[in-house]
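Please read the structure below before turning to the comments.
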2 protein chains.
Amino acid sequence: MSTRLKETFNGSAPGAPATAGAASGTPATTGAASDAARRPQPDPTPPAPAALAAKVRTLAPSMTRSMQRVAETVAADPAGCAALTVTGLAERTGTSEATVVRTSRLLGYPGYRDLRLALAALAAQQATGRAPAVTADIAVDDSLTDVVAKLAQEEQQCLADTAAALDTTQLEAAVAALAGARRIDVYGIGASSLVGQDLAQKLLRIGLIAHAHSDPHLAVTNAVQMRAGDVAVAITHSGRTTDVIEPLRVAFDRGATTIAVTGRPDGEIASYADHILTTSTARESELRPAAMSSRTSQLLVVDCLFVGVAQRTYETAAPALSASYEALAHRHAPRPR
Amino acid sequence: MSTRLKETFNGSAPGAPATAGAASGTPATTGAASDAARRPQPDPTPPAPAALAAKVRTLAPSMTRSMQRVAETVAADPAGCAALTVTGLAERTGTSEATVVRTSRLLGYPGYRDLRLALAALAAQQATGRAPAVTADIAVDDSLTDVVAKLAQEEQQCLADTAAALDTTQLEAAVAALAGARRIDVYGIGASSLVGQDLAQKLLRIGLIAHAHSDPHLAVTNAVQMRAGDVAVAITHSGRTTDVIEPLRVAFDRGATTIAVTGRPDGEIASYADHILTTSTARESELRPAAMSSRTSQLLVVDCLFVGVAQRTYETAAPALSASYEALAHRHAPRPR
DNA sequence: TCACCTCTGAAAAGTAATTTCAGTCACCCG
DNA sequence: CGGGTGACTGAAATTACTTTTCAGAGGTGA
């Protein structure tokens with residue numbers, strides 16, 4: 001059958017011998033025209049996406065021995081072959097460049113370049129497909145690559161859980177209280193102390209009077225000063241950290257509005273909280289103590305509080321934000337490069 | 001291979017006195033000298049797999065305008081760009097072939113050919129992967145429900161980007177250094193200070209001697225005491241916070257092993273870091289300053305460091321972890337219910 | 001304003017892909 | 001059994017694409 005294409009692909013009819021440049025652009029002779037006309041489809045298949053192995057099997061019978069070698073090599077190790085040039089692949093399969101190109105054509109690509117691209121794509125698909133859920137606990141002998149993947153995965157899950165479980169009504173109330181507060185105290189101990197400082201830093205940045213306390217004694221001392229119109233925020237994952245509950249109780253008794261950010265909305269701390277924001281907890285393992293996921297979760301809640309407050313005090317918050325940015329500029333070395 | 005590329009920017013190597021040196025290093029410090037001597041490796045970046053969008057964001061600030069155009073085009077439409085030749089992409093972005101090649105290099109590939117391969121791979125992943133994830137900026141009039149959803153979404157993305165872009169080799173080296181450290185100093189200012197404290201807290205928990213400094217003067221004072229066998233960690237998103245660079249430089253000069261956790265691996269801080277861990281940067285908007293995403297990213301890196309160290313010192317870490325847990329038990333109110 | 005320095009793209013140089021072409025081999029027919 | 005025929009193959013020539021070089025444009029600081 002004439003389908004046995006004359007190696008040449010574009011309409012360079014044998015009519016014009018040698019013929020340098022003219023080939024592509026020239027409208028051409030009758031011979032070329034009819035050739036083009038009779039070239040309905042070089043190959044009915046569009047650049048195959050990922051069903052390459054199947055295609056190789058289908059087409060194998062119509063291939064010559066050398067071409068089969070190329071096709072099989074390619075199907076067996078897409079990733080490896082994608083890294084090779086024509087010459088490289090020719091060598092690896094013990095054939096010539098011409099054969100590689102011919103194989104590429106037979107498989108439905110315009111040339112080797114495109115086969116190579118498809119190979120890279122295929123390799124990527126295989127790679128992602130082969131990476132199933134990494135839900136397993138982090139083990140002592142996990143590679144660092146695994147550790148990174150698992151940690152990222154777990155924290156992402158934690159964020160999703162927290163967002164889904166967060167009570168918008170409570171959040172709304174908490175934001176309103178913060179936005180109108182005369183002064184804000186934040187209580188947190190240990191890991192939660194950092195979250196508290198983060199909140200206080202952010203609120204300060206938009207012009208609110210906020211202070212984070214991690215010293216239980218000082219916290220209580222300060223709490224005594226609180227009164228109606230003030231807001232106290234307590235952050236504790238367990239919901240029963242006495243050193244944090246105590247100042248919140250004091251502030252509550254003094255008439256301040258109290259907010260609890262906790263993973264145990266039924267804990268003792270709930271008794272003294274006007275608004276409760278629940279953080280979620282991920283499974284924890286030996287190497288991944290609760291502190292990690294609770295922190296992630298708490299920070300998301302804190303960010304939500306901050307953005308909410310910033311929205312409601314936009315008139316003052318926006319200028320304050322850019323001002324604090326400007327003020328820090330000179331603490332940085334001159335632009336590199 | 002033999003083609004020793006000429007235009008190689010390899011400015012990535014901090015030592016290159018050509019550009020960076022002229023600009024910032026002019027004051028002629030001892031740092032520059034020891035720096036050149038101890039320069040770790042020419043290009044720490046392996047061909048990124050799929051973290052391309054993140055990488056573009058990270059590197060964008062250090063790119064010229066035309067390069068940014070190329071990088072953005074490529075990040076926005078990997079599939080489309082994979083089909084283009086250098087010339088095609090140059091035309092599409094209104095630049096020249098040279099610029100496209102330069103951009104490819106900056107992104108960590110040997111040349112355009114390889115970037116194109118990676119693009120094809122990325123496109124394939126995206127195609128099989130999930131929906132494009134629509135992330136609009138947070139607006140002033142968004143409802144709190146929207147705010148929660150958007151924040152959670154963005155932080156998740158940030159985690160994924162960070163994990164994908166994290167250089168395992170660097171991480172491995174950093175973990176090894178920390179695990180064997182005689183003492184560990186952590187430098188961080190502002191928002192990064194909290195991350196630093198988090199790291200120090202965690203390391204303390206597993207029996208290492210770690211201290212976080214947020215006072216620049218005290219940090220330098222402490223850095224002077226560092227010597228070989230000690231490890232200094234600096235955390236700065238911008239990579240050019242002088243108050244953090246300074247103590248790291250001092251520790252570096254004293255012979256300590258230095259680690260930088262930064263969003264700008266090409267920043268000045270790179271000159272004094274034996275190991276660089278790159279955090280990724282999310283788009284930032286007015287209501288969501290860079291601090292938020294950088295913090296999320298930094299914390300993931302810190303967690304990875306911690307888990308890595310805990311694995312390598314498991315014999316002592318495991319008992320230490322449970323011991324600290326026990327020790328805190330009495331600070332909690334009796335179990336509710 | 002001038003000197004300097006970086007960025008940029010046009011074009012040269014180089015590398016990889018494609019096509020040509022002639023040699024080889026197997027098969028088939030006389 | 002021998003000669004002819006046609007298909008397969010790889011070396012070499014050609015073409016397409018990529019990379020490097022280089023000089024001018026545009027900006028910046030003195």
Side-chain angles (χ1 to χ4, degrees), chain A residues 1-25 42 62-71 81-106 109-117 119 334-337, chain B residues 1-11 16 18-23 26 62-71 82-106 109-117 119:
Chain A
M1 195 56 176
S2 67
T3 48
R4 202 67 221 130
L5 24 108
K6 221 55 246 108
E7 289 234 6
T8 163
F9 204 58
N10 50 18
S12 65
T19 79
S24 56
S62 66
M63 288 182 188
T64 67
R65 236 182 346 277
S66 338
M67 285 168 86
Q68 282 178 16
R69 267 211 307 286
V70 175
C81 293
L84 268 45
T85 68
V86 225
T87 315
L89 185 54
E91 250 172 48
R92 174 162 167 181
T93 56
T95 66
S96 69
E97 291 93 330
T99 304
V100 172
V101 173
R102 278 190 282 257
T103 310
S104 307
R105 292 267 161 74
L106 197 68
Y109 302 92
Y112 174 67
R113 215 185 302 272
D114 299 77
L115 169 62
R116 197 177 166 187
L117 240 41
L119 244 34
R335 191 100 190 290
R337 184 169 59 78
Chain B
M1 284 310 173
S2 62
T3 56
R4 199 58 215 132
L5 11 116
K6 298 301 162 38
E7 188 164 315
T8 70
F9 58 107
N10 76 3
T19 53
T26 319
S62 64
M63 287 182 187
T64 67
R65 250 190 327 284
S66 336
M67 286 168 86
Q68 282 178 15
R69 269 211 306 286
V70 175
L84 268 43
T85 67
V86 226
T87 315
L89 185 54
E91 254 172 46
R92 175 163 166 182
T93 56
T95 66
S96 67
E97 291 94 333
T99 303
V100 171
V101 172
R102 276 190 283 256
T103 310
S104 307
R105 292 266 163 74
L106 197 67
Y109 303 91
Y112 174 69
R113 213 185 304 271
D114 299 78
L115 170 62
R116 196 176 167 186
L117 241 42
L119 245 32

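Numbers restart at 1 for each chain; the letters A, B, ... are given by sequence-line order, proteins then strands. From a predicted model like this one, the values you see are computed outputs, not experimental measurements.
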* Asked: Atom CG of Leu115(B) and atom C1' of dC17(D): how far apart are they, to the nearest Å?
  -> 15 Å

* Asked: In whole Å, what is the span from the CZ atom of Arg69(B) to the P atom of dC7(C)?
  -> 14 Å

* Does the base of dG26(D) carry an N or O that pairs as donor and acceptor with the side chain of Arg65(B) under 3.5 Å? -> no

* Structure fact -> Rounded to the nearest 0.5 angstrom, the CG-OH distance for Asp114(B) and Tyr109(B) is 9.0 Å

* Structure fact -> Contacts of Ser66(B) meeting side chain to side chain donor-acceptor pair (under 3.5 Å) (sequence neighbours excluded), chain-then-number -> none

* So, is Thr95(A) close to the dT9(D) phosphate, meaning a side-chain N or O under 4.0 Å from OP1 or OP2? -> no

* Structure fact -> On a heavy-atom basis, the closest approach of Leu117(A) and Ala82(B) is CD2-O, 3.2 Å

Show me the protein contacts with nucleotides 16-18 of chain C, counting only N or O atoms at under 3.5 Å.
unit_1	atom_1	unit_2	atom_2	d
dA17(C)	OP1	Arg116(A)	NH1	3.4
dA17(C)	OP2	Val86(A)	N	2.6
dT18(C)	OP1	Tyr112(A)	N	3.2
dT18(C)	OP2	Tyr112(A)	N	2.8

* **Nearest-Å distance for atom pair CG/P, residues Leu106(B) and dC7(C)** => 11 Å

* **Atom-to-atom span, CZ of Arg102(A) to P of dC21(C) - whole angstrom** => 14 Å

* Asked: Between Thr99(B) and dG9(C), does any side-chain N or O lie under 4.0 Å from OP1 or OP2?
  -> yes

* Does Thr95(A) have any side chain to side chain donor-acceptor pair (under 3.5 Å) partners at least two apart in sequence or in another chain, and if so, which? -> Thr93(A)

* Least distance between heavy atoms, Leu89(B) atom then Tyr112(B) atom -> CD2-CE1, 3.7 Å

* Taking all heavy atoms of Arg116(B) and all of Thr85(B), pick out the closest pair and write down the distance. => NH1-CA, 4.2 Å

* In whole Å, what is the span from the CE atom of Met63(B) to the P atom of dT8(C)? -> 12 Å

